[in-house]
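The block underneath contains the structure these notes are about, expressed in structure tokens.
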Amino acid sequence: MLDIQFIRDHADEVADKSRQKGYEVDIPRLLELDAERRTRLTQIDVLRKRRNDQAAEFKSQKPSPEQIESGRQLKQELGEREDELARIEADYIQLLKKVPNMPTDDVPVGTSEDENVEVKVWGDKPQFDFEPKSHWEIGEANDWIDKGRAAKVTGARFAYLKGSLVQLQFAIIQFVLDTLTDQELVQKIIDENGLHLLAKAFTPILPPVMIREDVYDQMDRLEPREDRYHIDGDDDNLWLIGSAEHTLGSMYADEILPEADLPLRYIGYSTSFRQEAGTYGKDNEGILRMHQFDKLEMEVFSTPETGLDEHKLLIAVQEYLMQQLGIPYHILLKCTADIGKPNARGVDVEAWLPGQGKYRETHTADYMTDYQARRLKTRVKRGDGTIDLVHTNDATAVALGRVMIGIIENNQTTDGHVRVPDALQKYLGGKTEI
RNA sequence: GGAAGGGUGUCCGAGUGGUCGAAGGAAACGGUCUUGAAAACCGUCGUGCCGGCAACGGUACCGUGGGUUCGAAUCCCACCCCUUCCGCCA
């Protein structure tokens, strides 16, 4: 949610930028409701003061029947006014929640993901003296991926992963955890990128994979619901998370953190669940688009001043990991239409997939400024005693399925095996090929 | 699932109808003392909203929502969450 004071002060800008992000919000109507709400609130405060004064008077001397009657009338009027205000406020909040976060100045304006801007290309695309295969061809040949039996048991977009592919997944997990918990390495990445940040390692964390509806909504990630899985229960209102971000970013809701504790950097591991609504027929082969996939996710809580640098740190970590794994990639600065409602800035890393002959998204980095924190009420108490909303950042460290596709397709050998990236060999018992 | 207890400020914790935005303690911040530090002592010390240039004033908030009352942290109802014991169980 955006700060109403900011909207009052920058009404035109908010309307413009909301439109650029693809959200049509009636800002004049919102301001009208805001003004109405404030007028009513002032009137109600006057009535409340009268009630409080009266009550203070009655406590010292017994009220007469007439005084009790006037108090009763006051209560009734107050009740009516408060009901009116509640109705106005409900409309006001509903509209306020629709206003998206404002993009930072360097976010390109665009109307679809086609207008994302390529800002960097890394790595040489591998040259093969044979026709490169897709990951599903290699996966099936090696008995690593069984979608047929998964379809029987759970339906489309599920898979059994087997054998060496599973060991590869655990090797990547261990590699990433070792990397991000290494404070010296984090320091090195910060220094190399000229960031002004504390060298603090990431804390590994296993979050819940279910989330309460109210918290999901506060994170501003409940919509579109068609892409979420709801869990039916007698008295639970739980959803399956679509990303570890959902339960990581909300963990400090309603808390005021001491500034000395920041930044809080987490590396979470969890399964993610997505209905993939509206993707019928898209990416049906292989394991690129699944209803269920595992992911290592970074989440950072920071002061407002360091939020943007933390965002850049997360992108730098993504690059470091891809380079260590030797997967060619490029980076897209996402345009206004593609960054997402709570985002101020967003970047995608896309891996080169020789089997498909194109780049496909493997990572995303989202900078939310204080937009999520405002509704979650996650705040920081500064050294001088003032209270501010924290800034939140989340970013993929590794989406296991998609990164494994990158490894399989880029490192495939003539005889249909896969070369293990140097960085992972020690986690696979020294194996150089699977 | 059964039984009991409980949710109060950054934290711990008192408070069963008006004198309570809330005792006391801790932490934090400022100061005195000290060569310095610790200790001791003094002081400051919740958040949101509305109005105001500001000092400040008003109002709301004691898990959430409703109710009773002239008046609710305190009484009633519902819900959420936590703890303990029993049952079941990876």
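Labels below follow one simple rule: chain letters A, B, ... track the order of the sequence lines, proteins then strands, and each chain is numbered from 1.
- Shown here, B:A38 forms no base pair; nothing in the strands shown gives a Watson-Crick or G-U wobble contact with both key distances under 3.5 Å.
- B:A39 and B:A28 have their P atoms separated by 9 Å, given to the nearest Å.
- Atom P of nucleotide B:G67 and atom CD of A:Glu82 are separated by 10 Å, given to the nearest angstrom.
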Task: Protein proximity profile, nucleotides 47-61 of chain B - base contact B, sugar-phosphate-only contact S, no contact -, cut-off 4.0 Å on heavy atoms - done: S-SSS------BSS-
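- Nucleotides B:G6 and B:A73 are separated by 15 Å at their C1' atoms, to the nearest Å.
- We find that CG of A:Asp214 is positioned 13 Å from C1' of B:G65, with the value rounded to whole Å.
- Atom-to-atom, CG of A:Asp254 to C1' of B:C82 comes out at 15 Å; the value is rounded to the nearest Å.
- Within the shown strands, nothing qualifies as a pairing partner of B:C45 under the Watson-Crick or G-U definition with both distances less than 3.5 Å.
- B:G51 is paired with B:C56 under the Watson-Crick or G-U wobble criterion, all donor-acceptor distances under 3.5 Å.
- Taking the centre and axis of the six-membered ring of A:Tyr92, the NZ or CZ atom of A:Arg37 falls inside the cone set by 45° and 6.0 Å.
- Rounded to the nearest Å, the gap between the C1' atom of B:C62 and that of B:U8 is 4 Å.
- B:C29 sits 13 Å from B:U10 when the C1' atoms are compared, rounded to a whole Å.
- A:Lys75 comes within contact range of at least one nucleobase, with a heavy-atom separation under 4.0 Å.
- Checking B:C85 for Watson-Crick or G-U wobble geometry (two distances, each under 3.5 Å) identifies B:G2 as its partner.
- The salt bridge (Lys or Arg N to Asp or Glu O under 4.0 Å) test applied to A:Arg225 returns A:Glu213, A:Glu223, not counting sequence neighbours.
- For B:A14 and B:U47, the P atoms lie 24 Å apart once the distance is rounded to whole Å.
- Side-chain atoms of A:Arg345 and A:His311 form a donor-acceptor pair, as typed in the model, at a separation below 3.5 Å.
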Please output the side-chain donor-acceptor pairs of residues 190-197 of chain A that fall under 3.5 Å, not counting sequence neighbours, one pair per line with the distance.
unit_1: A:Asp191; atom_1: OD1; unit_2: A:Gln187; atom_2: NE2; d: 3.3
unit_1: A:Asp191; atom_1: OD2; unit_2: A:Gln187; atom_2: NE2; d: 3.3
unit_1: A:Asn193; atom_1: ND2; unit_2: A:Ile189; atom_2: O; d: 2.8

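- Rounded to whole Å, the separation between the P atoms of B:A40 and B:C77 comes to 47 Å.
- Remark: A:Ser134 engages A:Trp136, A:Glu137, A:Glu409 in a side chain to side chain contact (heavy atoms under 4.5 Å, CB included) (not counting sequence neighbours).
- For the side chain to side chain contact (heavy atoms under 4.5 Å, CB included) test, residues two or more places apart in sequence or in another chain that qualify with A:Val209 are A:Ile241, A:Ser270, A:Phe273.
- Taking atom CZ of A:Arg212 as the reference point, atom P of B:C80 lies 9 Å away to the nearest angstrom.
- Applying the salt bridge (charged side-chain N to carboxylate O under 4.0 Å, His left out) definition to pairs two or more places apart or across chains, those involving residues 248-264 of chain A are A:Glu259-A:Arg382.
- With both ends at atom C1', the span from B:C41 to B:C33 equals 9 Å, rounded to whole Å.
- The pairing partner recorded for B:A78 is B:U64, the criterion being a Watson-Crick or G-U wobble arrangement whose two distances lie under 3.5 angstrom.
- Across the P atoms, B:G15 and B:G7 are found 10 Å apart, a figure rounded to whole Å.
- A straight line from CZ of A:Arg72 to C1' of B:U68 spans 12 Å, rounded to a whole angstrom.
- Between the CG atom of A:Leu257 and the P atom of B:A28 there is a distance of 17 Å, rounded to whole Å.
- Across the protein-nucleic acid pair, A:Ile68 atom CD1 and B:C70 atom P stand 6 Å apart, rounded to whole Å.
- In this structure B:U10 sits in a base pair with B:A26, meeting the Watson-Crick or G-U test at under 3.5 Å.
- Ring-plane geometry between A:His246 and A:Tyr216 is classed as tilted, the angle between the planes lying from 30 to 60 degrees on a 0 to 90 degree scale.
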